[in-house]
2 protein chains.
Amino acid sequence: MVIELMKSHASVRNYKEKQLTREEVEELIGAAQYAATSHFVQAYSVVWVTDPEKRRKLGELSKNPKQMEGAGAVFLMCADYNRLKHAVEMQGESIVYDQAENLLVAVTDVGLLAQNLALAAESKGYGICYIGGVRNNMEAISELVGLPEGVFPVYGLTVGVPNESNGVKPRLPVEAILHENDYDEKKYETILPEYDKNIQEYYGSRGSNQKTASWSQQMANFLNKPHRPDIKEVLAKKGYSFK
Amino acid sequence: MVIELMKSHASVRNYKEKQLTREEVEELIGAAQYAATSHFVQAYSVVWVTDPEKRRKLGELSKNPKQMEGAGAVFLMCADYNRLKHAVEMQGESIVYDQAENLLVAVTDVGLLAQNLALAAESKGYGICYIGGVRNNMEAISELVGLPEGVFPVYGLTVGVPNESNGVKPRLPVEAILHENDYDEKKYETILPEYDKNIQEYYGSRGSNQKTASWSQQMANFLNKPHRPDIKEVLAKKGYSFK
């Protein structure tokens with residue numbers, strides 16, 4: 001049942017008007033929190049953006065206006081060492097979180113929480129979409145919702161009753177992901193061209209949003225240049241100086 | 001059902017001997033891959049360590065010998081831009097992944113995959129445990145399983161039939177995690193001392209592995225110093241120079 005639910009996932013970007021209630025939101029987050037967390041640090045916070053004007057601005061800043069305004073709930077999924085700073089200072093100590101390790105921990109903690117939250121919502125019939133676009137303007141978004149030192153939005157998550165949904169996109173075959181005992185990069189020579197064909201067939205067959213580029217063409221067009229070069233500096237201002 | 005499954009999560013560190021079959025492993029990973037992935041990059045790989053000598057060494061290097069040797073399956077959950085490098089070069093382009101953005105993307109992609117994998121396994125009655133300890137020796141572990149440029153282990157994941165299990169630890173209350181429209185750090189003044197009491201009661205009541213420290217005491221003892229200061233350098237050698 002859980003496995004079937006996972007395999008039916010497709011991002012939903014177009015929602016019906018129904019807004020999630022506070023009770024629903026608390027149920028979803030209360031379940032998501034039971035994901036594992038490194039050394040029990042729980043280094044995350046969720047900002048639920050309900051104010052219409054803030055949602056409008058957030059949509060602009062993350063370059064997802066239609067989705068941010070139309071969703072049943074909009075969450076900013078945040079890495080958070082601020083709460084830990086309070087806890088550590090309560091004990092008369094000073095916190096250290098400027099290491100690469102701390103960034104890996106916080107981003108991982110947020111990821112496990114977010115995927116539980118997404119799946120919990122999907123198990124209730126909602127659709128979801130992660131919004132990496134919040135990283136286009138992390139600093140302005142931080143100001144918009146008052147994120148203090150130690151807190152930054154890793155991505156947004158929209159949730160709502162699906163109005164329309166894309167098909168489920170074929171993933172890389174398991175053999176591309178799974179390596180036994182030794183990492184084998186030679187196999188990509190044969191696997192990737194086959195996957196390219198499958199993806200092109202899929203894109204050609206779907207009714208809307210047809211694309212003609214293969215997976216490797218999409219990746220080449222996207223990854224041949226740097227993206228969001230300001231992030232290092234924004235993170236450093238938040239205390240994640242990556243030492 | 002999914003929400004109840006999430007809320008029953010507790011790390012399992014002691015497993016019965018039964019090993020997962022290849023069919024089971026492929027089913028779990030094949031489901032986990034349907035998690036969302038940033039721009040469809042699928043920037044992850046899983047190394048399944050089955051060789052007894054490699055498992056022994058991995059246990060030593062990650063400071064989890066008993067668990068790594070005793071589990072029903074041992075996975076290294078890896079960030080991976082190596083496969084993408086192959087895809088991009090197939091198209092005659094050069095890949096750029098040395099930005100902070102790329103590290104956030106890869107660690108997030110691994111997190112969503114890993115939490116789906118963990119939950120898929122738990123839905124089949126297995127127990128799981130994340131092993132952050134692999135970051136104690138990322139370079140030696142990379143050599144052990146031949147991880148090339150672009151690939152590093154973010155954490156391990158053990159899976160198996162539970163032999164014994166701790167109780168489910170009480171998380172921070174939802175109100176500590178959830179902020180509406182504006183991040184509110186003032187509330188921690190009252191929430192954290194209450195949570196400290198709850199955690200101490202929980203630790204006092206459980207049968208084994210009793211602890212007396214409150215949550216904020218544990219955090220203070222743990223976070224008053226830097227951890228794993230070599231990680232930045234290891235990541236840079238892998239191509240993640242965090243520009």
Side-chain angles (χ1 to χ4, degrees), chain A residues 2-3 6-7 9 26 29-31 33-34 36 38 42 45-48 51 83-84 86-88 90-91 93 95-96 99-101 107-108 111-112 115-116 120 123 130 132 146-148 171-172 174 177-183 185 188 192 216-217 219-220 223-224 226-228 231-232 242, chain B residues 2-3 6-7 9 26 29-31 33-34 36 38 42 45-48 51 83-84 86-88 90-91 93 95-96 99-101 107-108 111-112 115-116 120 123 130 132 146-148 171-172 174 177-183 185 188 192 216-217 219-220 223-224 226-228 231-232 242:
Chain A
V2 171
I3 284 179
M6 287 175 187
K7 292 176 91 162
H9 167 74
E26 290 184 353
I29 294 178
Q33 285 180 261
Y34 282 85
S38 177
Q42 307 176 73
S45 274
V46 179
V47 181
W48 179 26
D51 179 75
R83 187 190 305 112
L84 288 158
H86 282 275
V88 171
M90 259 171 59
Q91 297 295 334
E93 300 269 3
I95 193 168
V96 178
Q99 307 287 303
E101 165 72 1
V107 174
T108 294
L112 309 193
Q115 186 54 23
N116 259 8
S123 80
Y130 286 86
L147 302 183
R171 266 47 178 178
L172 283 159
V174 173
I177 303 301
L178 179 63
H179 304 258
E180 190 171 347
N181 292 315
D182 285 290
Y183 188 96
E185 57 185 311
Y188 298 143
L192 298 187
S216 63
Q217 283 168 338
M219 296 301 113
L223 296 174
N224 62 359
H227 290 278
R228 299 171 177 148
I231 286 185
K232 179 184 181 170
F242 203 78
Chain B
V2 171
I3 284 179
M6 287 176 187
K7 292 176 92 162
H9 167 74
E26 290 184 354
I29 294 178
Q33 285 181 262
Y34 282 87
S38 177
Q42 308 176 72
S45 273
V46 179
V47 181
W48 179 26
D51 177 77
R83 186 190 306 113
L84 287 158
H86 283 275
V88 171
M90 259 173 59
Q91 297 295 334
E93 300 270 1
I95 193 168
V96 178
Q99 307 288 302
E101 165 73 2
V107 174
T108 294
L112 310 192
Q115 185 54 24
N116 259 9
S123 80
Y130 285 85
L147 302 183
R171 266 47 178 179
L172 282 160
V174 173
I177 303 302
L178 179 62
H179 303 260
E180 190 172 347
N181 293 315
D182 285 291
Y183 189 97
E185 58 186 310
Y188 298 142
L192 297 186
S216 62
Q217 284 167 340
M219 295 303 112
L223 295 174
N224 62 0
H227 290 278
R228 299 171 176 149
I231 285 186
K232 180 185 180 167
F242 203 77

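Here the structure is a predicted model, which means the values were calculated and not measured. Letters A, B, ... mirror the listed sequences (proteins, then strands); counts begin at 1.
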Non-hydrogen atoms of [X] and [Y] that approach each other most closely:
{"X": "A:A87", "Y": "B:S216", "answer": "O-CB, 3.6 Å"}
{"X": "A:G146", "Y": "B:Y183", "answer": "O-CB, 3.3 Å"}
{"X": "A:Q91", "Y": "B:A220", "answer": "CB-CB, 3.6 Å"}

Report the distance from atom [atom1] of [X] to atom [atom2] of [Y], rounding to the nearest 0.5 Å.
{"X": "B:S123", "Y": "A:M6", "atom1": "OG", "atom2": "CE", "result": "6.5 Å"}
{"X": "A:H179", "Y": "B:L147", "atom1": "NE2", "atom2": "CG", "result": "9.0 Å"}
{"X": "A:E26", "Y": "B:I177", "atom1": "CD", "atom2": "CD1", "result": "12.0 Å"}
{"X": "A:I3", "Y": "B:Y34", "atom1": "CD1", "atom2": "OH", "result": "12.5 Å"}
{"X": "B:I29", "Y": "A:R171", "atom1": "CD1", "atom2": "CZ", "result": "15.0 Å"}

*Any donor-acceptor N/O pair, A:Q33 side chain to B:L172 backbone, under 3.5 Å*: yes
- prompt: Side chain of A:D51, backbone of B:N181: donor and acceptor closer than 3.5 Å?
  reply: no
Most contact-rich option vs chain A, by heavy-atom pairs under 4.5 angstrom, among B:N224, B:D182, B:L112, B:V47, is B:L112
Comparing B:V88, B:V46, B:V2 against chain A, the one with the most heavy-atom pairs below 4.5 Å turns out to be B:V46
Could you tell me which portion of [X] (side chain, backbone, both or neither) has an atom closer than 4.5 angstrom to a non-hydrogen atom of chain B?
{"X": "A:M219", "value": "both"}
{"X": "A:E101", "value": "both"}
{"X": "A:T108", "value": "both"}

Can you tell me which of [options] forms the most heavy-atom pairs within a distance under 4.5 Å of chain B?
{"options": "A:E185, A:Q217, A:H227", "value": "A:E185"}
{"options": "A:N116, A:L84, A:L192", "value": "A:N116"}
{"options": "A:A120, A:S45, A:A100, A:G111", "value": "A:S45"}
{"options": "A:R83, A:Q42, A:Q115", "value": "A:R83"}

So, the part of B:Y130 with a heavy atom under 4.5 Å from chain A: the answer is side chain
